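Reckoned from all heavy atoms, side chains included, excluding hydrogens, waters and symmetry mates. This one's a predicted model, so the numbers in the text were calculated from it and none came from an experiment. We name chains A, B, ... by the order of the sequence lines, and we start the count at 1 in each one.
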Amino acid sequence: MCGRFALGVSRKRLEELIGASVPAKYEPSWNVAPGAWIPARTQKGCAMLLWGLVPYWIKDKVSGNRMGVRIMNARCETAFDKPAFREPMRRSRCLIPAEAFYEWQRRGRVKYPHAIAHASGRLLWFAGICDRWTDSGSGEVLRSCCILTTRANELMAPIHDRMPVIVREGYRDLWLDHSVTEADWFGRVFAPLPAERLKVWPVSCGVNKIGLDGPELLKRVSGQPRQGSSL
DNA sequence: CCAGACGTTGTT
DNA sequence: GTCTGG
DNA sequence: CCAGACGTTGTT
DNA sequence: GTCTGG
């Protein structure tokens, strides 16, 4: 799954990588959590979206907060059928850039955080969906998103059984193009990224602490070797 | 028909 | 808005 | 995802 | 245990 990630690149660098102008609201962070404003590539450009999908049909802000901030992920296997995801899957897909994502490996009652990044050092692009909710009272518009998940590949399996959908370069335009509807294509997009394209390493529990931030969160720590890896 | 949910994760 | 459960 | 709270009364 | 806040 994907409940925390890092995107510590400068705004200028992100603009180069995303190929669009990034709103000034963007700030680098190595501890991005649900509820944060995150940059996303849409068909139109780059927008800052609330991580935690608030469907357009939500009636009021209270239920929006209840429902929205909690929906940080959507299972790719069922997203086309779920009321909250159906329309966004069809017409508002996006790509969410990250340098790495964090997963916690549970061993008994202890949880060990790991970072996972592209083996090449390039950014990861998560498959996301977004929606636009309007406050009926104030007219305020809230744009929000969530990240699709798929089954873990062999690298991730010892740590966790789910991982984010990472869209490979050749499929990114396809994912953003909402004239594309063939299920066959999405099957390819949703396939877990092959293990050899990712790298994983243990990090400190500093990432657990909301509000703690900085590049040091991505530093490898020793003494917590992961177990059961087939690689 | 109306009322109520609408999601994921993990854990047991 | 749209689906499911009663 | 993790951390941290976890209440009541009445009124609009 | 379960919800909210970040």
Open item on the list: Nearest to the side chain of A:W57, heavy atoms from C-beta on, is which of D:dC1, C:dG1, B:dT8?
Closed with: C:dG1
Open item on the list: Suppose you measure atom C1' in E:dC3 against the same atom in B:dT8; what distance do you get, rounded to whole Å?
Closed with: 15 Å
Open item on the list: Any salt bridge linking A:E16 with A:R13? Criterion: basic side-chain nitrogen under 4.0 Å from a carboxylate oxygen.
Closed with: yes
Open item on the list: Please pick, from B:dC6, D:dC1, B:dT8, the nucleotide with the shortest atom-to-atom distance to any side-chain atom of A:A84.
Closed with: B:dC6
- [ ] Give the rounded distance in Å between these two atoms: CG of A:N73 and P of B:dT8.
- [x] 9 Å
Task: Closest nucleotide among B:dT8, D:dA3, D:dC1 to the A:N208 side chain - done: D:dA3
Task: Main-chain N/O of A:P192 paired with A:R151 side-chain donor or acceptor, under 3.5 Å - done: no
Open item on the list: Going by salt bridge (Lys or Arg N to Asp or Glu O under 4.0 Å), name the residues that satisfy it together with A:R188, two or more places apart in sequence or in a different chain.
Closed with: A:D184
Task: d(CE, A:M156; P, B:dT9) in whole Å - done: 12 Å
Open item on the list: Just to verify, what does A:T149 make a side chain to side chain contact (heavy atoms under 4.5 Å, CB included) with, not counting sequence neighbours?
Closed with: A:M1, A:N73, A:R75, A:R162
Open item on the list: Looking only at the side chains, is there a donor atom on one of A:S179 and A:D177 sitting less than 3.5 Å from an acceptor on the other?
Closed with: yes
Open item on the list: Reading 5' to 3' and counting Watson-Crick or G-U wobble pairs with both distances under 3.5 Å, write the dot-bracket notation for DNA chain B, | for bases paired outside the strand.
Closed with: ||||||......
Task: ring pair (Phe, Tyr, Trp, His ring centres under 6.0 Å) partners of residues 1-36 of chain A, not counting sequence neighbours, each pair once - done: A:F5-A:W51, A:F5-A:F126
Open item on the list: What is the distance, to the nearest angstrom, from the CZ atom on A:R91 to the C1' atom on C:dG1?
Closed with: 11 Å
Result block: side-chain N/O donor-acceptor pairs under 3.5 angstrom for residues 83-91 of chain A, not counting sequence neighbours:
residue : atom : partner : partner atom : Å
A:E87   : OE1  : A:R91   : NH1          : 2.7
A:E87   : OE1  : A:R91   : NH2          : 2.9

Open item on the list: Expressed as a whole number of angstroms, how long is the span from A:I147:CD1 to B:dT9:P?
Closed with: 12 Å
- [ ] Report yes if a side-chain nitrogen or oxygen of A:T149 is closer than 4.0 Å to either non-bridging phosphate oxygen (OP1 or OP2) of B:dT9; otherwise report no.
- [x] yes
TODO: Please identify each residue that fulfils side chain to side chain contact (heavy atoms under 4.5 Å, CB included) with A:D161, with sequence neighbours left out.
DONE: none
Task: Short side-chain N/O contact to D:dA3 OP1/OP2 from A:K209, under 4.0 Å - done: no
Task: Separation of the P atoms in B:dT12 and D:dC2, to the nearest angstrom - done: 14 Å
Open item on the list: Take a 6.0 Å sphere around CZ of A:R168 and say whether it holds more than 12 heavy atoms from other residues, nucleotides or ligands.
Closed with: yes
Task: Presence of A:R162 side-chain N/O under 4.0 Å of B:dT9 phosphate oxygens OP1/OP2 - done: yes
Task: Touch class at under 4.0 angstrom, heavy-atom based, for A:A74 against every strand present - done: sugar-phosphate
Task: Sequence-distant partners of A:F190, ring pair (Phe, Tyr, Trp, His ring centres under 6.0 Å), two or more places apart - done: A:W175
- [ ] Please state the C1' separation for the pair E:dG5 and B:dG4 - nearest whole angstrom.
- [x] 26 Å
Task: B:dG7 to C:dT2 separation - P atoms, rounded to the nearest Å - done: 15 Å
Scan nucleotides 2-6 of chain C against the protein and return all N/O pairs shorter than 3.5 Å with their distances rounded to 0.1 Å.
residue : atom : partner : partner atom : Å
C:dC3   : OP1  : A:R86   : NH1          : 3.1

- [ ] Provide the distance between the two P atoms, one in D:dC1 and one in B:dT9, to the nearest whole Å.
- [x] 8 Å
Open item on the list: Nearest whole Å is fine: how far is B:dG7 P from A:L53 CG?
Closed with: 10 Å
Open item on the list: For A:E216, give me all partners under salt bridge (Lys or Arg N to Asp or Glu O under 4.0 Å), at least two apart in sequence or on another chain.
Closed with: none
Open item on the list: Nearest whole Å is fine: how far is D:dC1 P from A:L217 CG?
Closed with: 18 Å
TODO: Using a heavy-atom cut-off of under 4.0 Å over every strand shown, decide if A:S29 touches base, sugar-phosphate, or nothing.
DONE: nothing
TODO: Round to a whole Å and report the spacing from CG of A:N31 to C1' of D:dA3.
DONE: 12 Å
Task: Selected nucleotide, minimal atom distance to A:K82 side chain, candidates C:dG1, B:dT8, D:dC1 - done: B:dT8
Open item on the list: In this structure, how many angstroms lie between the P atom of B:dA5 and the CD1 atom of A:I71, rounded?
Closed with: 14 Å
